[in-house]
Structures are given as structure tokens and as C-alpha cells.
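The structure appears right after this line, and notes come after that.
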2 protein chains.
Amino acid sequence: MPADVTIYAVADLAGVGIATVSRVINGSPQVSPQTRGRVRQAIADLGYRPNRAACHLAGGRTRQARIAVLLPFFSAHFYFSVTKALAHELAGSPADLALYDIRDRSDKNRVLDRLLAERACDGLVLVGCSIGDQRCDQLERLGLPAVLIDRRHPRLPWVTIDNARGGRLMAEHLRTCGARRPGIIAGPDRAVALADRAAALDATLGGAPRETAAALESAAGAVATRELLERHPDLDALACVNDALAVGALEALRSIGRRVPDEVQVIGFDDQPFMDFIGLTTIRQPMATFGHWAGRSILTMITRPGQRPDDRLLPIHLVPRHTTRTPQEHSP
Amino acid sequence: MPADVTIYAVADLAGVGIATVSRVINGSPQVSPQTRGRVRQAIADLGYRPNRAACHLAGGRTRQARIAVLLPFFSAHFYFSVTKALAHELAGSPADLALYDIRDRSDKNRVLDRLLAERACDGLVLVGCSIGDQRCDQLERLGLPAVLIDRRHPRLPWVTIDNARGGRLMAEHLRTCGARRPGIIAGPDRAVALADRAAALDATLGGAPRETAAALESAAGAVATRELLERHPDLDALACVNDALAVGALEALRSIGRRVPDEVQVIGFDDQPFMDFIGLTTIRQPMATFGHWAGRSILTMITRPGQRPDDRLLPIHLVPRHTTRTPQEHSP
DNA sequence: CACTTGCCTGGAAGCGCTTCCAGTGCAGGC
DNA sequence: GCCTGCACTGGAAGCGCTTCCAGGCAAGTG
């Protein structure tokens, strides 16, 4: 960042007082054109940029709240829904959103360290990731409120869905629709919500074969599906921990000529856009509500310290479509 | 936001000096447990929160750059690609991203007014929207760099694609594939890039019938398509200004039983995820590059004032798939 | 018992800016 | 020729905090 040029340096160079420099910067009409010109020149020569903290402090502006959102750029739709809802929830308030991409744990810690050390925010929204006890202590010391989206937490308020139940719903639906030999397409482990689904799937389906996709996109889902099917050609159903992987599975099945749902059934998770058109059976989760709740909660925590918002476990729904068969009432 | 409780009020209540309060807040070990307790209590009672500007100023922290990103939450994929790329570009630098949702012109002006009045940022990225001469003057006065994504500008650096050319590409492809009576599904006017495509489409297709979707999502696209087809049942092709609308069109065509591409061809724009699977013919635009360029540019403008990055017109490509027919070499 | 040694604490000096207030210089009015 | 008024300018007082420095006090040392 630019060197530490202060208003004094500018004033010196222009041969005026700092008050005058300040006036020029703030567009006061009370400055003669020549002086204004000299000051402008000096500012440009020095590459001077006002120190925002000092401006705020001296100017006594309205107190601005900054909400830092830490989230992994996993899925476009999840990311979009959550941040959009957050932004809308905060739109009326004098708070704004700062976005941080968190690729892994060290990323997260680096960002948090900086954020806390520099007091760069007044509230924290953690999406799909969590923090330990020490961090919590640190936050408490700083009086920094934090909420979690898509994860539960013993000490911090959270909003999420029951991913284990989601996994069970998927498994049961597949069974009900007559699946005998289901397989699982899981996602990278660092996505905890998806890992929970996979674990529940595993448990409910009793050790079904499983393949882990390298990323949360359809191409990776297609690769994983092909590998799984190579090892287990007799699979008649695929439970995918999210919709993107499920579309990848459909892609792979189409390319090797297996009919869906007659030969292989497929179920996803999320119900993101276009799944309707594609006809994917999936579990719908209310992503926007995550953002709304988080926005409202962090705002109350900031304005009324000490008050803790209620945790929320949001409802999920099975959305049966054409990639699974009609449920059999009395399947064994 | 919380009342104006300062460190002095806390010190008074706790019966200590402000230096001690500061020590407690910053976790210095140099405070006796009883004192620490009293101060903590006073902080809680008063609901005290340190003034960030003052902390920064006194602490002499690293200068932090804030980049404000103004963007309409139009399409999940566009939004995701751009902000992700921006975030990654800025990840190494000591700059962070503040996100503002811009629904309309007044929204934009409100946000800009606040941002500038409060000196809340060091750089501006405008996505899909523009600003007038007066604003530019104001930015220059404040020495605030700004770049535009998805729009051109006479005074500010920009990155975009040639949307008019994109519209022409769509129209020509449709013609080449034998379309005789094409229709246009346009988007809401406030999305200028899409309006440019629609205008070029209009011009190239010589007054083809056209319907404007109420929103940029497939449901709206389906509605628009149904209406257009009701007025013009003989249409044999649909040019949609983005992929979501195109999927809506496919939906509508499926629901009324028109075969694609035999009876009606469809072309979209963007090439977002799943379009591959759906088989939609479309125009691909490099959204991520928008974000990368913007991030790099704004960073150089901040660090080296006066230097203006080059404008960039990025390439686009036609991606022929199954919703259009095989091109006829010598179609009239 | 005088004297270090530490621990804990408060006073006060800034951090870089805005803004009030008090000039300064100069034109015009008497 | 002196005063008023005006346009412009600089000095200086904070804004709320961190942190250096020095002081007070109890415990430990000779």
C-alpha cells in the first residue's frame, strides 16, 4: 500500500496549512483557485490518500458496522443464496458486508487473525466452517459477536438443517422406490454438511459402496460415478450429496447408456435452479433463510450485546421428480 | 447502533484509568484479576464497544484497503464467478471486499453517497452498472479509483464483452441453422448488457417478435415464452438473452409439446453450469476473467495513483449443442 | 531497617484528520 | 485616511484510543 504520506507533507509541499489541505480535499468553496490548484498538485505528486481512520475519528461520522462473512466458494447457488439474503437483511441497517473466501483451515485462521488483530469488523458470520474454544474466548474478550451458518456450535448461535436426517431421507426414498444396490457419491471432506449427509447415507444404507468426488461440480461427479460403476457395475441407485454431483452422475450414466430411473435411480441434495427442468429428485433446503437468520441475528447481537439469538434447525423436504421411480407403498 | 460509550465512561464506572481499560480489552497480562473483573463488568454493563477508527489511528495498524463492489444480484452464476475471481485476486493483498446489492439506480446512488461521504472504501468496482460525469468528478476529487465490469465507460477503466456482437452471433447461428421465424426473449431493461444483446438481436433479425421476461430466471422465461408463442404460434426459433431464460423457454416448449430443435430451436447466452448437460446451445463469456481483471486493475490504481489500466474487451464463443440444428453451409 | 525488585497502575503524548475561531490582507465606503 | 466587510488562511483543540513512562506499593534481599 502507499507510503505514509500525511496531510502535513502535502501542506508543506504546497506551502499552506493543513486546514487548507483539508478544505481542498473536502471540496470547501472557501479556498482560492490558485491555492486549490497548488494543493491538488501536491496531493497528486505525493500520491497522498487520506487516512480513513483519522477521517472517521475527527469527522465523528456515524458509527459503521462491518460484518465479515467467511465462506468457502463451494457451490455457486448456495453461496449466492446466502450472501444475497444476508445483503438484503442488512440493506436497511448501517452495516455492510465484507466477504472472505476460505479455502481451508489455514486460510480461515489467517483471515481471522488479521480480522481480529486489526479490529476490522464488528460481527462475524461463518458459513460452513466452525471455530474452536480458544477462538471463542478471543471473540468474547473482544466482544465480537459471531454466528454460524450450516454448522452447529456449542457456544455460538447457529442456523442449519439436519444433514443427517437429510441423508436418511435420501436413503429411505431410494429404498422405497425399490433400490436394491445403492451407491454413494460423496464430496470432499472439508465440506462438513456434505460429510454429514454422506455419513448418514452410509449408516442407513449399511455399507453401500462409495466414491468421493474431487470437487463439488458436475464434472467431478461424473468422474466419481464412472469409477464407482466400474468397481460396482450392478448398482441400481446413486445417492449424491449435492445436486451438482447428481447432475454429473446423470451425465456419466447417459454417456455409458444406462437409463434413469429404470436401470439406475439418482437423488441429489439442495434443489438448486434447473433441477426442476432436469427432473432431478432431490432434497430442498432453505438456503435464503440461512442468510436472513444470520443477518438478523448478528444485527441484534451487535445492537444488544449479551442477547443471544435462538439456534435454528430449518426444515427440509424431499422433492420427488423423474430420476427416481414411483415409491412402492409396501416395499420390503 | 450502540450509544456513544467511550473508554472514559468504562474507566469511571470501574474506578480505574483508561490505560487499564485498554489493557483489559487487549488482553494484556499486566492487570490484576480483580481489576480485570471490574473492568469487564463495567464494559458489559455499559455495552461498550471500542471505536474502530480510534483503535486504528492510535494503534498505527497496517493500512487496510477496502474495495467496495456494487452489483445487482442478477444471476447466481455471474455473481458467483465474478466475486470469486475478485476475492481470489485480492486474497494475497491487504485489501478486502465489501459487497453491496444494487437493485436500482436510487439504490446505487444511496450506497455511493454513503460510501463517499464516509470514506468507507479505497476503491470501487461497479458490476453491470455505470456512473455519470458528476460522480466521476467526485471520485477524482476524492482520489478514489473505480473500474467497471460488464459496461464500458468514457472515463473509467472497464472490462466487458461485445454484447452486440454476441447478439449478432446468436442471430446468425439461428439463421445458419435454418431458422425462418425467430422470436426474442429479452430481459428486464435495467440489465444493460442483456439489453444490448436484445437490441443487436432485434437489428439482425429485422424486427422479430419479442417478449420481455419479468426477471432473469427460468420461470419468467417460461412465462414469456408461452406468451410469445401464443401471439406468434409459427415461431421456429427462440433467442434468449441468457441461459436461465433459455431453460425457461425449453420448459415452456416441453410443456406445450413442441420438439426442440426440430420444431423450435433455442439459443441462450452465458454457458453457465449444467447447460452442457441440458444441451443448450449458447454463447460463452469468460466471467471469471471479469473479476480477475477488476481485482488486478483496482489494486494497481490504488498502489500507483495516476496509472490507468487498459480497458479490455474479452472474447466470446459460440457453443453449439443440441437445442439448435446442424448448421447448413449454404443457407440463403 | 534501608534498599532493590516486580507488579500494577495512571498520566499524558500522540495517531492523522476536521473544524472552530481568530486572524491577515485587501477592496470598498464614509 | 480610517473603518467595515469580505475572502481566504493558519493555529489549535479535540475525536477515542494505544502505549510509553514514571510512580506507588508490597514483597524480597542484605
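Proteins get letters first, then strands, A, B, ... in listed order; numbering begins at 1 in each.
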To the nearest Å, how far apart are [X] [atom1] and [N] [atom2]?
X        : N       : atom1 : atom2 : value
Ile7(B)  : dT19(D) : CD1   : P     : 11 Å
Leu57(A) : dC15(D) : CG    : C1'   : 4 Å
Arg23(B) : dG16(D) : CZ    : P     : 21 Å
His56(B) : dG16(C) : NE2   : P     : 14 Å
Asp12(B) : dG10(C) : CG    : C1'   : 13 Å
Gln30(A) : dT19(C) : CD    : P     : 13 Å

Does the pair [X]/[Y] count as a salt bridge with the N-to-O cut at 4.0 Å?
X         : Y         : result
Arg152(B) : Asp311(B) : no
Arg151(A) : Asp196(A) : no
Arg40(B)  : Asp45(B)  : no

Review point. From the list dG16(D), dT18(C), dT18(D), which nucleotide is the closest neighbour of the side chain of Ser22(B)?
Key: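 Within the option list, the nearest is dT18(D).
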Among dC8(C), dC17(D), dC17(C), which is the nearest nucleotide to the side chain of Thr6(A)?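 Looking only at side-chain atoms, Thr6(A) lies closest to dC17(C).
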Has Asn26(B) got a side-chain atom pairing as donor or acceptor with Ser28(B)'s backbone, closer than 3.5 angstrom?
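Flag not set: sc Asn26(B) to bb Ser28(B) has no pair under 3.5 Å.
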Is the phosphate of [N] approached by [X] (side-chain N or O, under 4.0 Å from OP1 or OP2)?
X        : N       : answer
Ser32(A) : dT9(D)  : yes
Thr35(B) : dC8(C)  : no
Thr20(A) : dG10(D) : yes
Asn26(B) : dT18(D) : yes

Nucleotide N/O to protein N/O under 3.5 Å, stretch nucleotides 12-14 of chain D:
none

Which heavy atom of Arg308(B) sits nearest to which heavy atom of Pro154(B), and what is that distance?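 Smallest interatomic distance, heavy atoms only, reads NH1-O, 4.4 Å.
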>> Atom CZ of residue position Arg114(A) - does it have more than 12 heavy atoms of other residues, nucleotides or ligands inside 6.0 Å?
In response: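 Above 12, so yes.
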Test of understanding: with side chain to side chain donor-acceptor pair (under 3.5 Å), list the residues that count as partners of Asp137(B), not counting sequence neighbours.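 Asp137(B): side chain to side chain donor-acceptor pair (under 3.5 Å) contacts with Arg155(B).
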